[in-house]
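To start, the structure under review is shown below, and the notes come after it.
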Protein chains: 2
Amino acid sequence: MAKKSDLLPGTLDMLILKTLTRAPLHGYGIALSIKRISDEVLQVEEGSLYPALQRLLLQGWVKAEWKQTETNRRARYYTLTETGRKQLGLELSEFDRMIAAITRVLREA
Amino acid sequence: MAKKSDLLPGTLDMLILKTLTRAPLHGYGIALSIKRISDEVLQVEEGSLYPALQRLLLQGWVKAEWKQTETNRRARYYTLTETGRKQLGLELSEFDRMIAAITRVLREA
DNA sequence: ATCTACCCATAGATAATCTATCTATCTGGC
DNA sequence: GCCAGATAGATAGATTATCTATGGGTAGAT
């Protein structure tokens, strides 16, 4: 059974970093944002999201801060760091390179 | 360490199936073809290639036949089956869908 | 003879994602 | 008052895919 994943593997960290360029967000908000902007195509499961955020924290690409949300809940807000921004740039250009290469193979009749 | 893979995970099977739409090829030839057409960007390691070919055989998406190469070696030639062709169609449209969705997220300033 | 390119394949490590599960609070409908 | 559903966080375990490393072997050129 062709098991379709909700994401293209290897792209989640990039998507999260990109999402955080607009504004700091908590995890749940990041998932909602990606889902909404992708027209519901990209579904970030919690079991993918939170481990990914831990990775990004460990790498120092984001930092986290506990705050109150507008709806008065406690939540952990993630902010892109300067090295995170650099990393995003690297990942974006590598992604472009890959997609261009894959497209060449797929177009070659 | 941002460990860059030689492939975008989740795309190898599709690349192999696509490569076989042109003509039956042996494993080594598939790897060379993908590498060449992608301008050396996509490097299919043997440890990725042969397990992938086993998967495709198991699924019935390709079939294999031992033959002699033009250079007089024995090699296993893989041919795309009819269900393999259908599968490729599915994977291509799913890939397009994913890329379009990711692009929306990455473009959203 | 030995080196390089050609060819197949598996084992084990690594990484990323998913499913499933758990905790907890807030809001709205009944 | 109570319950469902949305909001919010996190981890364990299974699954899958890739890479690294290794093994086997042949053909042709030097």
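Every chain is numbered from 1, with letters handed out A, B, ... down the list of sequences.
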Describe the nucleic acid contact of [X] in one word from base, sugar-phosphate, nothing, applying a heavy-atom distance below 4.0 Å.
X: B:Gly27; answer: sugar-phosphate
X: B:Leu12; answer: sugar-phosphate
X: B:Gly29; answer: nothing

Tell me which of A:Pro9 and B:Leu32 sits closer to the 5' end of DNA chain C, going by the nucleotide each one is nearest to.
B:Leu32

Under 4.5 Å between any side-chain heavy atoms of [X] and [Y], yes or no?
X: B:Ile30; Y: B:Val44; answer: no
X: B:Leu25; Y: B:Leu32; answer: no
X: B:Val105; Y: A:Thr19; answer: yes
X: B:Met14; Y: B:Thr11; answer: yes

Between [N] and [X], is there an OP1 or OP2 to side-chain N/O distance shorter than 4.0 Å?
X: B:Thr69; N: C:dC6; answer: no
X: A:Arg76; N: D:dA10; answer: yes
X: B:Thr71; N: C:dC7; answer: yes
X: B:Arg74; N: D:dG24; answer: no
X: A:Ser48; N: C:dC18; answer: yes

Distance check needed: [N] [atom2] versus [X] [atom1], whole Å only.
X: B:Tyr50; N: D:dT18; atom1: OH; atom2: P; value: 16 Å
X: A:Leu49; N: D:dT7; atom1: CG; atom2: P; value: 14 Å
X: A:Ile30; N: D:dA8; atom1: CD1; atom2: P; value: 12 Å
X: A:Arg73; N: D:dA6; atom1: CZ; atom2: C1'; value: 7 Å
X: A:Gln43; N: C:dA16; atom1: CD; atom2: P; value: 21 Å
X: B:Leu8; N: C:dT17; atom1: CG; atom2: P; value: 11 Å
X: A:Leu7; N: C:dA15; atom1: CG; atom2: C1'; value: 15 Å
X: A:Glu46; N: D:dA6; atom1: CD; atom2: C1'; value: 11 Å

Select from A:Tyr78 and B:Gln68 the residue whose nearest nucleotide in DNA chain D is closer to the 5' end of that strand.
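Going by which nucleotide is closer to the 5' end, it is A:Tyr78.
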
The nucleotide from C:dC18, C:dA9, D:dA8 with an atom nearest the side chain of A:Glu45 is C:dC18

Throw together a table of side-chain donor-acceptor distances under 3.5 angstrom for residues 70-79 of chain A, partners on residues two or more places apart or in other chains.
{"from": "A:Thr71", "atom 1": "OG1", "to": "A:Thr69", "atom 2": "OG1", "distance (Å)": "2.9"}

